[in-house]
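Input: a single structure, listed below in structure tokens.
Please read these numbers as outputs of a predicted model, since none were measured by experiment. Residues take their numbers from the sequence shown, with the count starting at 1.
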Amino acid sequence: MIYLKTAEEIELLRESNVLVCKTLAELAKIIKPGVTTAYLDRIAEEFIRDNGATPAFKGYGGFPASICTSVNEQVVHGIPSDNVVLQDGDIISVDCGTYKNKFVGDSAYTFEVGNVSDEVKRLLQTTKESLFKGIEKAVEGNRVGDIGNAVQTYCEQRGYSVVREMEGHGVGHVMHEEPGVPNYGRRGSGVMLKSGMTICIEPMINLGRKEMVFGRDGWTTCTRDKKPSAHFENAVAVGRGKADILSDFSIIEKVLDELNK
């Protein structure tokens, strides 16, 4: 079942998703070599609760933390740990969820840790650009396959591969609603997009091959060839002629710009 949202419900979703980006911006201030992923998790949970929300991830399907922290070859769903210490040259995807006013926010951003190679910088840039290529297709009358095809085409033309086992999803009162939103596909295929649908688009793009494996913890996924993977996610409302982006990366990037001055 796909639930179409009213204008009022979309604004409540926007509030939850903006809070996610504010949380990610708080983490951007402290992501550096020597920091543990468990520390990031503690800061995120405190910030989310201080802003009148609860962490949507914590306890979801048994997940033990408030954020997912996926480092280097980890694709998604990495579990924060005191034993994982960020190193110079790492990248870390932080996926975060909030629950406020009965609606879920869900967004992800991949951060550079210290001095990252130009090759990996290009992977991150391409992955983020592909997200917005997908968002351009999230308009009434298109189909889910148009979103996936835009992401896939953009990345594969640049020599990267697209993870197949994980995908985006609808979002609303719960974190994962219908429809699924793969990052690959054929134009004109899949579910028809209608105004009022709210979805998360989240390219997971690998520097090497597309194959991934599941870790022994039952959550963490990694590239099979151990090459880096990047992940960016925005929540959007399907619109007439143009998608309405409910997340706001500019909140995160304002902090990053200040740190890089």
Flag for N206-S229: side-chain donor and acceptor within less than 3.5 Å: yes

Donor-acceptor under 3.5 Å (D88 side chain, N115 main chain): yes

E253 side chain to S250 main-chain N or O, any donor-acceptor pair under 3.5 Å? no

Under 3.5 Å: donor-acceptor pair, side chain of T110, backbone of A230: no

Can you tell me if OH on Y3 sees more than 12 non-hydrogen neighbours from other groups inside 6.0 Å? no

Give a yes or no answer on whether the side chain of N51 reaches the backbone of I48 with a donor-acceptor pair at less than 3.5 Å. no

Gap separating the OG atom of S107 from the CD1 atom of I201, nearest 0.5 angstrom: 11.5 Å

Checking R143 now: which residues fulfil side-chain contact (heavy atoms from CB on, under 4.5 Å) with it, not counting sequence neighbours? D146, M192

Evaluate the side chain to side chain contact (heavy atoms under 4.5 Å, CB included) criterion for residues Q74 and V71: first the C-alpha distance (whole Å), next the side-chain angles of each, then the deciding distance (0.1 Å), finally the verdict. CA-CA 5 Å; Q74 294 176 347; V71 180; 4.1 Å; yes

Would you check if N149 and R186 make a side-chain contact, meaning some heavy-atom pair closer than 4.5 Å? no

Is the distance from the ring center of Y60 to that of H176 below 6.0 Å? yes

Are V76 and M204 close enough that some pair of their side-chain heavy atoms sits under 4.5 Å apart? yes

Heavy-atom pair with the smallest gap, counting every atom of A56 and V104: CB-CG1, 4.3 Å

Straight-line distance of D95 CG to E233 CD, nearest 0.5 Å: 5.0 Å

Non-hydrogen side-chain atoms of I199 and V171 separated by less than 4.5 Å: no

Evaluate the side-chain proximity of V181 to I147: yes if any heavy-atom separation is below 4.5 Å, no if none is. yes

Electrostatic pair K5-E177, nearest N-O below 4.0 angstrom: yes

Can you sort out the partners of K210 under salt bridge (charged side-chain N to carboxylate O under 4.0 Å, His left out), two or more places apart, ordered by chain and number? none

Donor-acceptor contact below 3.5 Å, side chain D41 vs main chain S66: yes

Do you know the tightest heavy-atom contact between E45 and K58? OE1-NZ, 2.8 Å

Look at E140 together with R240 and state whether they make a salt bridge at an N to O cut-off of under 4.0 Å. yes

For atom CZ of F63, decide whether the heavy atoms of other residues, nucleotides or ligands shown that lie under 6.0 angstrom number more than 12. yes

Indicate yes or no for a side-chain donor-acceptor contact from D225 to the backbone of K227 under 3.5 Å, with no hydrogens or angles considered. yes

Let's go through L131 and F249 carefully: what are the C-alpha distance in whole Å and the side-chain angles of both, what is the deciding distance for side chain to side chain contact (heavy atoms under 4.5 Å, CB included) to 0.1 Å, and is it a yes or a no? CA-CA 12 Å; L131 167 60; F249 278 179; 3.7 Å; yes

Shared hydrophobic cluster, I251 / V94 (ILVMFWY, side-chain heavy atoms < 4.5 Å): no

Counting only heavy atoms from other residues, nucleotides and ligands, does the tally under 6.0 Å from CZ of R158 exceed 12? yes

Beyond-backbone contact of D244 with R14, side-chain heavy atoms, under 4.5 angstrom: yes

Heavy-atom nearest pair, L259 first then K29, reads CD1-CA, 4.1 Å

Establish whether V255 and L124 are linked, either directly or via other cluster members, by ILVMFWY side-chain heavy-atom contacts under 4.5 Å. no

Hydrophobic cluster identity match, V75 and Y160, side-chain contacts under 4.5 Å: no

Atom CG of N234 and atom SG of C21: how far apart are they, to the nearest 0.5 Å? 6.5 Å

Within a strict 4.5 Å, meaning less than it, do heavy atoms of the N101 and S16 side chains meet? no

Test Y109 against H231 for side chain to side chain contact (heavy atoms under 4.5 Å, CB included), laying out the working first. CA-CA 6 Å; Y109 200 94; H231 176 213; over 6 Å; no

Interatomic spacing from CG in L12 to OG1 in T198 - rounded to 0.5 Å: 11.5 Å

Contact check, side chains of L86 and T37, non-hydrogen atoms, under 4.5 Å: yes

Do the side chains of V20 and F103 join up, straight or via other hydrophobic residues, at under 4.5 Å, putting them in one cluster? no

Rounded distance [0.5 Å steps], OG in S70 versus CD1 in I91: 10.0 Å

Starting from the C-alpha separation in whole Å, work towards a yes-or-no answer on side chain to side chain contact (heavy atoms under 4.5 Å, CB included) for L40 and I92. CA-CA 11 Å; L40 299 178; I92 177 171; 3.9 Å; yes

Report yes if some heavy atom in the side chain of L246 is under 4.5 Å from a heavy atom in the side chain of E15; otherwise report no. no

Neighbour count >12 (heavy atoms, 6.0 Å) for atom NZ, K100: yes

Give a yes/no verdict on a cation-pi contact between R49 and F47, requiring under 6.0 Å between NZ or CZ and the six-membered ring centre and an angle within 45° of the axis. no

Within the distance-only criterion (no hydrogens, no angle test), does the side chain of H173 pair as donor or acceptor with the backbone N or O of K102 below 3.5 angstrom? yes

How far does CZ of F232 sit from CD1 of I205, to the nearest 0.5 angstrom? 11.0 Å

Between the side chain of T221 and the main-chain N/O of F214, is any donor-acceptor distance below 3.5 Å? no

Side-chain donor or acceptor of N17 paired with backbone N/O of L13 under 3.5 Å: yes

Can H77 and D217 be counted as having a side-chain donor-acceptor contact under 3.5 angstrom? no

Is it possible for you to say whether V163 and Y184 belong to one hydrophobic cluster, with membership spreading through side-chain heavy-atom contacts below 4.5 Å? no

Answer yes or no: is there an ion pair linking D82 with R42, defined by an N-O contact shorter than 4.0 Å? yes

Counting N and O atoms only, with roles assigned by atom type, does the side chain of S161 sit under 3.5 Å from a partner on the main chain of R209, one being a donor and the other an acceptor? yes

